Amino acid sequence: MKKTNILDVVSRKLSPFILLFGIYLVTFGHISPGGGFQGGVALASGLLLILLAQGPAVLVQYFPLGRIAKAEVAGYGLFLLAGLAGFLLGAGFLSPLFPPPGTIFILNIVIGAKVGAGITLICWYLFHEMEEQE
Amino acid sequence: MNRVFYGTVLLLFSFLLLVSLVVEREPIEQSKGYVLEQGTQETGAVNLVTALYLAYRAYDTLGETIVLIGAVTGVLVLVGKHT
């Protein structure tokens, strides 16, 4: 497939804004429509635009695959820690630690990072497999 | 004999299904009203969807993250051998 200038320019200009929009969706999840899952998918779509239009080397340069995988695992670990931290207060599992919006805000960010990393990893390996078969 | 048995079971189930379809019950609106009234106050989230899935049902969300991590693990096991 031939890479045109249009694809090159548009993907370079558009992907930062998609990533910014994803961060907005994640951080404002408790106020406006959005949240961790939706924002995470928006983040992943920004990364995938870089991957598809610029090639894997550019994506690896800014977001190394090892770090994406670590973000995936760390998101799960942080969610579990946030749940276990409820025991410190003598309350139940996943009971809020911080004053009202705090816990939801933190969990939204954790889930956003986790979902973004997860979708990116899945698509990365599936695209790689597709390229190998061709 | 087998046919009679299966037929009876099917008839019984269809009767139960018919009853559950015909008999109407009042929908339980207690929890809905509670979340609508108290949700923002209790959790601090204006977006009630977020209030539900991160405050009232955070345990469910934990399960969803496990599902996602399972999906990633499955893709890695099946596809990611060579990289």
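Only a predicted model underlies this, so the values are computations on that prediction, with no experimental measurement involved. Only this structure's heavy atoms are used, side chains among them; waters, hydrogens and symmetry mates stay out.
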Tell me whether [X] shares a hydrophobic cluster with [Y], the cluster being built from Ile, Leu, Val, Met, Phe, Trp, Tyr side chains joined at under 4.5 Å.
X      : Y     : result
B/L48  : B/Y53 : no
A/F63  : A/L49 : no
A/F127 : A/Y62 : yes
A/L65  : A/L52 : yes
A/L51  : A/I18 : no

Chain A interface, residue from B/V46, B/I66, B/N47 that has the most non-hydrogen pairs under 4.5 Å: B/N47

Selection from B/V75, B/T61, B/L62 maximising heavy-atom pairs under 4.5 Å formed with chain A: B/L62

So for atom [atom1], which belongs to [X], do other residues, nucleotides or ligands contribute more than 12 heavy atoms lying within a distance under 6.0 Å?
X     : atom1 : value
A/I6  : CD1   : no
B/R57 : CZ    : no
A/F87 : CZ    : yes

Report which part of A/F105 has an atom under 4.5 Å of a heavy atom belonging to chain B: side chain, backbone, both, or neither. neither

[atom1]/[X] to [atom2]/[Y] distance, rounded to the nearest 0.5 angstrom?
X     : Y      : atom1 : atom2 : result
A/F37 : B/L54  : CZ    : CG    : 7.5 Å
B/L78 : A/Y125 : CG    : OH    : 13.0 Å
A/L78 : B/T65  : CG    : OG1   : 11.5 Å

How would you list, in number order, the residues of residues 20-35 of chain A that have a heavy atom less than 4.5 Å from chain B? A/G29, A/H30, A/I31, A/S32, A/P33, A/G34, A/G35

Apply side-chain contact (heavy atoms from CB on, under 4.5 Å) to A/Y76 and B/L68, showing your working. CA-CA 10 Å; A/Y76 179 59; B/L68 187 70; over 6 Å; no

Which atoms of B/V49 are under 4.5 Å from chain A, going by heavy atoms: the side chain, the backbone, both sets, or neither? neither

Mind checking whether B/V79 and A/H128 have side chains closer than 4.5 Å, heavy atoms only? no

Tell me, do B/I69 and A/K114 make a side-chain contact under 4.5 Å, heavy atoms counted? yes

Run the numbers on B/T50 and A/I104 for side-chain contact (heavy atoms from CB on, under 4.5 Å), then give the verdict. CA-CA 8 Å; B/T50 308; A/I104 288 183; 3.5 Å; yes

Among the listed options A/L107, A/N108, A/L126, A/T103, the residue most often paired with chain B at heavy-atom distances under 4.5 Å: A/N108

